[in-house]
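First comes the structure, then the notes that go with it.
Below, read A as the first sequence line, B as the second, and so on, with proteins coming before strands; counting in each chain starts at 1.
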2 protein chains.
Amino acid sequence: MDMNENKYEIMAEIFKAFADPTRLMILKLLSENESMCVCKIIEELKKPQPTISHHLNILKKSGLIRARKKGTWNHYYIVDPKIKYIISTMENVIGENK
Amino acid sequence: MDMNENKYEIMAEIFKAFADPTRLMILKLLSENESMCVCKIIEELKKPQPTISHHLNILKKSGLIRARKKGTWNHYYIVDPKIKYIISTMENVIGENK
DNA sequence: TTACAATATACAAAAATTTATATATAATTA
DNA sequence: TAATTATATATAAATTTTTGTATATTGTAA
């Protein structure tokens with residue numbers, strides 16, 4: 001069987017983006033809000049600003065979210081609507097195994 | 001908004017199980033083979049036995065796979081068929097963004 | 001029994017990740 | 001222009017993860 005490892009490295013990168021509670025909470029917020037500025041995300045999650053910025057950057061580099069600048073504000077939003085689907089599928093997996 | 005962090009910690013644990021190329025390759029093999037013994041997985045992936053055992057253990061602890069013992073052999077298999085679905089959904093996300 | 005084969009576990013070094021503090025930058029307003 | 005606000009970046013300590021070597025365990029067969 002052809003185990004094209006590179007393909008699975010790329011996939012693993014995307015799964016890694018999801019593999020952190022803070023990032024999942026950010027994705028949850030973004031999936032319910034069309035777009036959000038960093039300050040609003042900080043307010044909701046009550047974590048230090050550089051921590052949030054760091055996680056936003058990881059999500060952005062993974063291709064899951066993008067940013068649109070408006071003055072000083074930076075509004076982040078989810079790129080692919082399937083992301084919501086991945087999250088809810090994962091919620092089902094949890095529901096059935098725990 | 002209620003950001004029940006514990007829920008996202010549990011979800012992150014499951015995403016973490018997927019977030020490694022070796023584990024993704026193991027899941028891919030198991031998703032195509034009903035069940036496989038460790039020696040067969042080692043043969044396919046050409047990695048040291050303790051490395052494979054370690055990853056199998058992570059997948060087992062995450063609840064994604066289980067083992068059934070047959071003599072000296074240990075046969076691993078996927079628990080939830082939705083796992084195949086998660087992987088193929090992720091493959092689609094890759095396909096569209098890259 | 002003893003030897004062997006399949007697998008698990010212990011363990012340690014290397015690498016990657018998370019978090020927070022300090023600092024920089026850039027846009028806006030006074 | 002100076003001060004302020006929103007955000008990014010640098011960086012370092014702490015933690016977690018990955019990998020491989022050595023070793024233990026367990027079941028089978030001689």
Side-chain angles (χ1 to χ4, degrees), chain A residues 3 5-6 8-30 33 35-77, chain B residues 3 5-6 8-30 33 35-77:
Chain A
M3 267 297 150
E5 182 153 6
N6 185 54
Y8 295 97
E9 275 162 8
I10 294 169
M11 276 183 70
E13 280 310 308
I14 298 184
F15 276 111
K16 268 183 213 171
F18 285 96
D20 176 274
T22 302
R23 291 197 290 276
L24 286 174
M25 289 190 287
I26 290 172
L27 289 172
K28 183 72 173 177
L29 286 173
L30 294 184
N33 282 284
S35 91
M36 279 177 96
C37 70
V38 181
C39 58
K40 191 73 185 163
I41 297 170
I42 292 166
E43 187 188 318
E44 293 280 354
L45 301 188
K46 297 174 186 65
K47 308 221 175 195
Q49 177 266 312
T51 299
I52 298 297
S53 275
H54 172 245
H55 286 298
L56 285 169
N57 197 244
I58 289 174
L59 289 169
K60 197 169 71 170
K61 283 198 280 187
S62 76
L64 297 183
I65 67 175
R66 285 188 195 140
R68 199 180 289 120
K69 211 160 188 189
K70 260 193 180 177
T72 345
W73 289 266
N74 216 356
H75 294 267
Y76 283 87
Y77 57 98
Chain B
M3 267 297 151
E5 183 153 4
N6 185 54
Y8 295 98
E9 276 163 8
I10 293 169
M11 276 182 71
E13 280 310 307
I14 297 184
F15 276 113
K16 268 183 211 169
F18 285 96
D20 177 275
T22 301
R23 290 198 290 275
L24 285 174
M25 289 189 286
I26 290 173
L27 289 173
K28 183 72 175 177
L29 287 173
L30 294 184
N33 282 283
S35 92
M36 279 178 96
C37 69
V38 181
C39 59
K40 192 72 184 164
I41 297 170
I42 292 166
E43 187 188 319
E44 293 281 354
L45 301 188
K46 296 173 187 64
K47 307 223 173 193
Q49 176 266 312
T51 299
I52 297 297
S53 275
H54 171 245
H55 286 298
L56 285 169
N57 197 243
I58 288 175
L59 289 169
K60 198 169 69 169
K61 283 198 280 187
S62 77
L64 297 182
I65 67 175
R66 285 188 195 142
R68 199 179 291 119
K69 212 162 189 186
K70 260 191 178 177
T72 345
W73 289 266
N74 216 357
H75 294 269
Y76 283 88
Y77 58 98

When rounded to whole Å, the NE2 to P distance for the pair H54(B) and dA14(C) reads 18 Å
Using atom CD1 of I65(B) as one end and atom P of dT7(C) as the other, report the distance to the nearest whole Å. 13 Å
Mind running a 4.0 Å heavy-atom check of residues 46-53 of chain A against DNA chain D and sending the residues that fall below it, in number order? Q49(A), P50(A), S53(A)
Just call it for H55(B): base, sugar-phosphate, or nothing, with non-hydrogen atoms closer than 4.0 Å on any strand. sugar-phosphate
Between CG on residue L29(A) and CG on residue L45(A), distance to nearest 0.5 Å: 5.0 Å
Checking dA5(C), dT18(C), dA8(C) against the side chain of V38(B) (C-beta onward), the nearest is dA8(C)
Side chains of L30(A) and L59(A), heavy atoms from C-beta outward: is any pair under 4.5 Å? no
Taking heavy atoms of chain A and a 4.0 Å limit, find me the 5'-most and 3'-most nucleotide of DNA chain D within that range. dT5(D) to dT9(D)
Would you mind reading off the distance between K70(B) atom NZ and dA5(C) atom C1', rounded to a whole angstrom? 17 Å
Exactly one candidate in K47(B), K46(B), K40(B) meets salt bridge (Lys or Arg N to Asp or Glu O under 4.0 Å) with E43(B); the answer is K40(B)
To the nearest angstrom, how far is L59(A) atom CG from dT18(C) atom P? 10 Å
What distance do E5(B) atom CD and I10(B) atom CD1 have between them, rounded to the nearest 0.5 Å? 11.5 Å
CZ (R66(B)) and NZ (K60(B)) are apart, to the nearest 0.5 Å, by 11.0 Å
Is there a side-chain contact between I58(B) and D20(B), using heavy atoms and a 4.5 Å cut-off? no
Distance below 4.0 Å between Y76(B) side-chain N/O and dA8(C) OP1 or OP2: yes
Rounded interatomic separation in angstrom, taking CD1 from I58(B) and P from dT9(C): 13 Å
In terms of the angle between their ring planes, are F15(A) and F15(B) parallel, tilted or perpendicular, with boundaries placed at 30° and 60°? tilted
Take atom CD1 of I41(B) and atom C1' of dA8(C), then tell me their distance rounded to the nearest Å. 14 Å
Salt bridge flag under 4.0 Å for residues K28(A) and E44(A): no
Judged by each residue's nearest nucleotide on DNA chain D, which is more toward the 5′ side, K69(A) or K16(A)? K69(A)
Once you round it to whole Å, what is the distance between C1' of dT18(C) and CG of L45(A)? 15 Å
Go through the side-chain N and O atoms of H55(A) and R23(A) and say whether any donor and acceptor fall under 3.5 Å apart. yes
Value in whole Å for how far the C1' atom of dT17(C) lies from CG of D20(A): 9 Å
Please tell me which of H75(B) and G71(A) maps to the more 5' nucleotide of DNA chain C, matching each residue to the nucleotide holding its nearest heavy atom. H75(B)
